[in-house]
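The next block holds one structure in the form of structure tokens; read it before the comments.
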Amino acid sequence: QVQLVESGGGLVQPGGSLRLSCAASGFTLDYYTIGWFRQAPGKEREGVSCIRSGLTYYADSVKGRFTISRDNAKNTVYLQMNSLKPEDTAVYYCAAHRGVFSNILTMMRPDGYEYWGQGTQVTVSS
């Protein structure tokens, strides 16, 4: 049974950092594209970052501040978030898609992913 469990969210001041974790079970990361998405109140879910076979992709809004990585031994994907801004406040989800996407735009869309975690709240506020 495929399962994704996010952790690491919380309340942080502007300029602070958080590291989110996405622990996967029931499948091996090697064969999947993993994406981080976020959804703020009243907004659509949006792609933040994706990783597949060592290649990484980022939304323009987080480039240079967020870093996605994975630990195959732990079957876990991380999202290191630095220089956080109030507009980063959202529920963050990790998601998995078996295989590859045909292009980056599709990879960053939530509707292409089959498996989702329950989400973790990130609040950036002073």
Side-chain angles (χ1 to χ4, degrees):
Q1 181 182 359
V2 173
Q3 190 173 14
L4 299 168
V5 178
E6 303 98 334
S7 61
L11 173 64
V12 64
Q13 292 186 342
S17 298
L18 283 174
R19 187 177 80 157
L20 305 183
S21 299
C22 173
S25 60
F27 69 99
T28 303
L29 291 176
D30 286 349
Y31 305 108
Y32 284 75
T33 300
I34 304 297
W36 280 100
F37 295 83
R38 67 186 180 186
Q39 189 166 18
K43 294 188 176 182
E44 292 187 354
R45 193 168 295 188
E46 64 174 357
V48 175
S49 181
C50 302
I51 186 167
R52 165 71 186 182
S53 299
L55 298 177
T56 59
Y57 306 90
Y58 299 92
D60 288 343
S61 58
V62 306
K63 278 180 183 176
R65 300 188 298 122
F66 290 11
T67 303
I68 191 171
S69 62
R70 74 183 195 188
D71 184 333
N72 287 342
K74 296 182 178 180
N75 222 34
T76 299
V77 175
Y78 303 98
L79 185 68
Q80 177 67 42
M81 306 186 296
N82 299 329
S83 302
L84 282 161
K85 305 174 181 180
E87 50 264 43
D88 294 318
T89 296
V91 178
Y92 283 71
Y93 301 88
C94 67
H97 167 71
R98 183 174 175 84
V100 298
F101 290 93
S102 58
N103 57 69
I104 296 173
L105 286 178
T106 306
M107 187 187 306
M108 294 292 276
R109 289 178 55 86
D111 53 7
Y113 289 77
E114 303 91 274
Y115 306 104
W116 289 84
Q118 81 289 352
T120 185
Q121 176 71 46
V122 172
T123 303
V124 184
S125 175
S126 55

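Nothing here was measured: the structure is a model prediction, and the numbers come from that model. Note that the numbering runs from 1 along the sequence shown for the chain.
If you take OG1 on Thr56 and CZ on Phe66, they are separated by 14.0 Å, rounding to the nearest 0.5 Å. Distance CD/Glu87 to NZ/Lys43: 8.5 Å, rounded to 0.5 Å. Here Thr89 contributes atom OG1 and Arg38 contributes atom CZ; the two are 9.0 Å apart, rounded to the nearest 0.5 Å. Leu18 contributes atom CG, which lies 10.0 Å from atom CG of Leu79 (distance to the nearest 0.5 angstrom). Rounded to the nearest 0.5 Å, atoms CD1 (Ile51) and SG (Cys94) are 12.5 Å apart. Here the CG-NZ distance, from Leu29 to Lys74, works out to 13.0 Å after rounding to the nearest 0.5 Å.
Arg45 forms no cation-pi arrangement with Phe37, by the criterion of a distance under 6.0 Å to the ring centre and an angle within 45° of the ring axis.
Grouping the Ile, Leu, Val, Met, Phe, Trp and Tyr side chains by contacts below 4.5 angstrom, directly or via other members, places Val2 with Val77. Residue Tyr93 is grouped with residue Phe101 when hydrophobic side chains (ILVMFWY) are merged at heavy-atom distances under 4.5 angstrom, including chains of intermediate members. Connection of Met81 to Val48 is established within a shared hydrophobic cluster, with ILVMFWY side chains joined at heavy-atom distances below 4.5 Å, either directly or through further cluster members. No continuous path of hydrophobic side-chain contacts links Tyr58 to Tyr78 [ILVMFWY only; heavy atoms under 4.5 Å]. Linking Ile, Leu, Val, Met, Phe, Trp and Tyr whenever their side-chain heavy atoms come within less than 4.5 Å leaves Met108 and Ile34 in two separate clusters.
Salt bridge status for Asp88 with Lys85: absent, with no side-chain N to carboxylate O gap under 4.0 Å. A salt bridge links Asp30 to Arg70: at least one charged side-chain nitrogen sits closer than 4.0 Å to a carboxylate oxygen.
Looking at Gln118, its side chain does come within 3.5 Å of a backbone N or O of Glu6 through a donor-acceptor pair. At distances below 3.5 Å, not a single donor-acceptor pair connects side-chain atoms of Asp71 with backbone N or O atoms of Thr76. Distance alone, capped at 3.5 Å, places no donor-acceptor pair between the Thr120 side chain and the Tyr92 backbone.
Tyr113 has its ring centre no less than 6.0 Å from the ring centre of Tyr32.
Heavy-atom minimum distance, Ser83 versus Ser17: N-OG, 4.4 Å. In this structure, Phe27 and Gln3 approach most closely via the heavy-atom pair CE2-O, 4.2 Å. Nearest heavy atom pair, residue Arg98 against residue Glu114, reads N-OE2, 3.1 Å. Counting all heavy atoms, side chain and backbone alike, Arg52 lies closest to Val100 at NE-CG1, 3.2 Å. Nearest heavy atoms, Gly119 versus Val91: CA-CG1, 3.9 Å. Nearest approach of Leu4 to Ala96, heavy atoms of both residues: CD1-N, 3.7 Å.
Remark: Glu44 CD is loosely packed, at most 12 non-hydrogen atoms of other residues, nucleotides or ligands lying under 6.0 Å away.
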Practice problem: Determine, stepwise, if the pair Leu11 / Ser125 fulfils side-chain contact (heavy atoms from CB on, under 4.5 Å). | Solution: CA-CA 7 Å; Leu11 173 64; Ser125 175; 4.2 Å; yes
